[in-house]
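Shown next, in structure tokens, is the structure this report addresses.
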Amino acid sequence: MRTLVTGAAGFLGSHLCDRLLRDGHEVVALDNLFTGSKRNLAHLHERTDFEFIRHDIVSPIMLEVDWIFNLACPASPIHYQYNPVKTVKTSVMGTLNMLGLAKRVKARILQASTSEVYGDPHVHPQPETYWGNVNPIGPRSCYDEGKRVAETLMTDYHRQNNIDIRIIRIFNTYGPRMAIGDGRVASNFIVQALKGEKLTIYGDGTQTRCFCYVDDMVDGIVALMEYEGDGAHEPINVGHDEERSMNDLVDCLGEILGRKLQTQHLPLPENDPVRRRPDNTRARERLGWQPRVPLLEGLRRTVDYFRELV
Ligand SMILES: NC(=O)c1ccc[n+]([C@@H]2O[C@H](COP(=O)([O-])OP(=O)(O)OC[C@H]3O[C@@H](n4cnc5c(N)ncnc54)[C@H](O)[C@@H]3O)[C@@H](O)[C@H]2O)c1
């Protein structure tokens, strides 16, 4: 199998490359290095079954591959709001280009979508059948709506051209190789705690998220790509289904570091959802997937990674 991973130098992409190489794939890794780093792939460069191409998916590219994992897209608000028009282009033109490639070379293609397609949800937990509550003109829209259009494009290419698509709706994931300073809560808290700073909590800290460890997420991504049963072309949620508040997360970190952590509170950003939890029924029933790594264990591994950097 010759497999293309876009966004390969990023957090999830680099772990996915590791996994695919372990599974015996020849991997073509593509990234424009906007938020990703060559450091995340440095350990793979000597391998003959691995190739890195610096390329922006907003421009077409011709490659011979069997599978395409389209992960390229800035994923944290700080990064995707830096150049919102470019974020939309990446999700729309980038996904179109990858679909065009899939069509030409008859490759199976997986799109990394997001729980953000549900916006600030009125249904809880969110099943894939829920259409979401997304502001089309808010500060997060470039990301949320971009991903929604990417899902539309994937589905229409499937209907119109019979492209073999997979759509994964990824919920909050954390682990080693998250970028420092990208504003995501797990890495933010860990870096602040390791530096001895106060942990920044937006709002009162009672808002919840579900935190999925990266190895579990990569298992889900690969399981969906391999899945050939009923509904293979429908979106599927993958994420941890245990809700944890921000205050909870602070306590867990305090337990790992063995000290009480100080916090400071700032106002909640606009359109920040208060709760988000996947209904994982499809992932469980179709893929046999469920999260395995407990939060404390995953956080411990992530803290170990950041200790080397901070
Ligand atoms: N990590 C999460 O919790 C999470 C949640 C939901 C969805 N996702 C999705 O998973 C994918 C990977 O996210 P991540 O957390 O690894 O983020 P990341 O920022 O670490 O990785 C994204 C990668 O895409 C690259 N990239 C961005 N725009 C590009 C372009 N136009 N052309 C080529 N490369 C480009 C970046 O340089 C980076 O290496 C994204 O599509 C994201 O939307 C992630």
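Order of appearance sets the numbers: ligands from 1, and atoms from 1 within every ligand.
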Classify the ring geometry of Tyr118 against Phe171: parallel below 30°, tilted from 30° to 60°, perpendicular beyond 60°.
tilted
Same cluster for Leu4 and Val105 if Ile/Leu/Val/Met/Phe/Trp/Tyr side chains link at under 4.5 Å?
yes
Is it true that Lys89 lies under 4.0 Å from ligand 1, counting heavy atoms only?
no
Heavy-atom nearest neighbour in the protein, as seen from atom 32 (N) of ligand 1, with distance rounded to 0.1 Å
Ile57 N, 3.0 Å
Ser115 to ligand 1, any heavy atom closer than 4.0 Å:
no
If you compare Ala75, Gly94, Gly146, Ala179 by their heavy atoms, the one closest to atom 17 (O) of ligand 1 turns out to be Ala75
With the threshold set at under 4.0 angstrom, would you say Arg184 reaches ligand 1 through any of its heavy atoms?
yes
Using only heavy-atom distances, determine whether the side chains of His240 and Asn172 contain a donor-acceptor pair under 3.5 Å.
no
Could a heavy atom of Leu71 be found less than 4.0 Å from some atom of ligand 1?
yes
The reported gap from CD1 in Ile168 to CE in Met217 (rounded to nearest 0.5 angstrom) is 6.0 Å
In this structure, atom 6 (C) of ligand 1 is nearest to the protein heavy atom Ile170 O, 3.1 Å
For atom 18 (P) of ligand 1, which protein heavy atom lies nearest, and how many Å away is it?
Thr35 OG1, 3.8 Å
Whether Met178 lies under 4.0 Å from ligand 1, heavy atom
no
From atom 43 (O) of ligand 1, work out which of Phe211, Tyr143, Phe171, Phe34 has a heavy atom at the shortest distance.
Tyr143
Closest non-hydrogen protein atom to atom 22 (C) of ligand 1, residue and atom name please, with distance?
Cys73 O, 3.3 Å
